[in-house]
Amino acid sequence: MTEMNEECLASPVINDLIALRETLWFNSKVTTAEEGLMRTGLTRREAEEAEARLRRFAPLLAQAFPETAAAGGIIESDLVPIPAMQARLAQTAPIAGRLWLKKDSHLPISGSIKARGGIYEVLAHAEKLALAAGLITTDDDYRLLLSPEHRAFFSRHKIAVGSTGNLGLSIGIISARLGFHVTVHMSADARQWKKEMLRNHGANVVEYEQDYGVAVEQGRQAAASDPSCFFIDDENSQTLFLGYSVAGLRLKGQLQEKGITVDAAHPLFVYLPCGVGGGPGGVAFGLKLAFGDHVHCFFAEPTHSPCMLLGMSTGLHDRISVQDIGIDNKTAADGLAVGRASGFVGRAMELLIDGCYTLSDQAMYALLSLLNETEGVQLEPSALAGMSGPQRITASHAYQTQHRITQEQMQHATHLVWATGGGMVPAAEMQHYLAQAAR
Ligand SMILES: *Cc1c(COP(=O)(O)O)cnc(C)c1O
């Protein structure tokens with residue numbers, strides 16, 4: 001931290017973070033969607049272009065990954081009501097409105113939200129290379145790119161990324177399938193099964209004993225010395241962000257199909273687990289494009305890794321890390337084990353996010369077990385971070401008053417918990433999580 005601002009750090013919120021207490025922070029800078037979207041520096045047009053690019057690649061994906069064929073090569077997840085979970089949660093604290101789960105945990109190819117941004121950025125890179133080499137035009141059938149000649153072309157190019165696990169999994173799998181030489185720099189948090197799965201797909205995995213920040217930095221340096229290597233920068237990439245944003249645009253159609261109205265009388269609250277910020281930030285950007293002021297977005301983090309809450313609430317963004325205030329960044333929520341937030345995302349989303357909160361690892365385990373029991377849905381710990389949000393927002397009358405949300409509107413609210421990962425967790429690993437919850 002170069003410019004430690006004493007004043008920023010002498011607040012009750014920061015004291016709670018330091019004490020590892022579960023914290024709820026509301027963003028006083030939040031403004032209209034229109035104004036907030038301008039601040040991002042990104043446009044609706046760019047999000048729509050990302051959506052169009054994914055449509056161009058859909059035939060290729062349908063062929064390369066048969067599990068996506070039924071959906072025509074569109075990588076999208078189910079949206080399901082979870083009434084039994086809602087009833088169980090209500091035994092401790094009520095949720096006004098209805099509770100839904102967005103199952104990015106079960107996205108095809110890599111079983112996490114990273115199947116959006118990560119895969120999108122590799123496809124965007126492949127398209128750029130192939131167009132520049134005159135191998136395709138944007139009107140061609142991109143299945144061409146799966147031919148041996150095109151694979152040989154991609155094999156002359158390298159891709160590198162740093163990850164706590166899931167981003168590496170997405171990028172490694174799609175890169176290897178297209179023929180790229182791909183290296184994934186994995187932090188100490190990364191689960192063994194994710195490393196093994198990647199190696200089985202033909203990716204090169206480099207393991208570190210340090211956290212995410214170090215793995216990313218090492219990856220960045222290794223790539224910098226090699227001009228044929230493209231580094232996917234999870235901390236700064238606008239391409240990743242735009243890949244995630246497509247989720248927000250598509251959710252509009254999905255809610256319509258389910259007969260769910262989102263308007264002034266029917267607010268939508270969305271709870272997004274946050275690591276470095278690209279995934280939740282990109283999705284929230286897309287949600288704001290789709291629903292404007294009628295959607296309210298919250299980021300959820302572990303008490304041991306509250307980097308976005310720290311960066312946003314102090315206004316220091318990536319100029320401060322959780323280690324700077326004595327927090328260890330050690331959490332069972334490996335997808336969220338990030339000590340320093342993306343400066344790009346923190347600043348871009350500064351006027352659009354209603355708030356951030358933290359929850360303990362034990363709370364995530366308990367919710368993991370409850371969801372398994374009530375709905376038979378299995379997730380990894382990170383993916384439960386959003387699940388404690390609806391009760392907290394329902395209980396926060398100060399927040400509702402600030403946003404002029406009435407009791408009546410709350411009764412008609414839709415709460416959407418973004419389940420970000422877990423669809424590919426091996427059964428033995430899931431048993432271990434459930435055992436942990438039982439403690
Ligand atoms: C990566 C990840 C997130 C958060 O995404 P960021 O872009 O790191 O903020 C949330 N949940 C899971 C399971 C993840 O893998």
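Atoms within a ligand are numbered from 1 in the order they appear, just like the ligands themselves.
Every side-chain contact (heavy atoms from CB on, under 4.5 Å) that Lys252 has, sequence neighbours left out, goes to Gln256, Ala290, Phe291. Under the ring-ring contact (aromatic ring centres under 6.0 Å, His included) criterion, Tyr212 pairs with no residue at all, not counting sequence neighbours.
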Contacts table for residues 419-438: side-chain donor-acceptor under 3.5 angstrom, sequence neighbours left out:
unit_1, atom_1, unit_2, atom_2, d
Glu429, OE2, Arg191, NE, 2.6
Glu429, OE2, Arg191, NH2, 2.8

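Side chains of Thr183 and Lys158: a donor-acceptor N/O pair is absent below 3.5 angstrom, by distance only.
Residues Glu235 and Arg340 are not paired through a salt bridge, judged by the lack of any N-O separation under 4.0 Å between the basic side chain and the carboxylate. Using a 4.0 Å cut-off between charged nitrogen and carboxylate oxygen, Glu49 and Arg45 count as a salt-bridge pair.
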Starting from the N and O atoms of ligand 1, collect every protein N/O partner closer than 3.5 Å and put each pair on its own line with the distance to 0.1 Å.
unit_1, atom_1, unit_2, atom_2, d
ligand 1, 7 (O), Gly278, N, 3.2
ligand 1, 7 (O), Gly279, N, 2.7
ligand 1, 8 (O), Val276, N, 3.0
ligand 1, 9 (O), Gly275, N, 2.7
ligand 1, 9 (O), Val276, N, 3.2
ligand 1, 9 (O), Gly277, N, 2.7
ligand 1, 11 (N), Thr420, OG1, 2.7
ligand 1, 15 (O), Lys114, NZ, 2.7
ligand 1, 15 (O), Asn166, ND2, 2.7

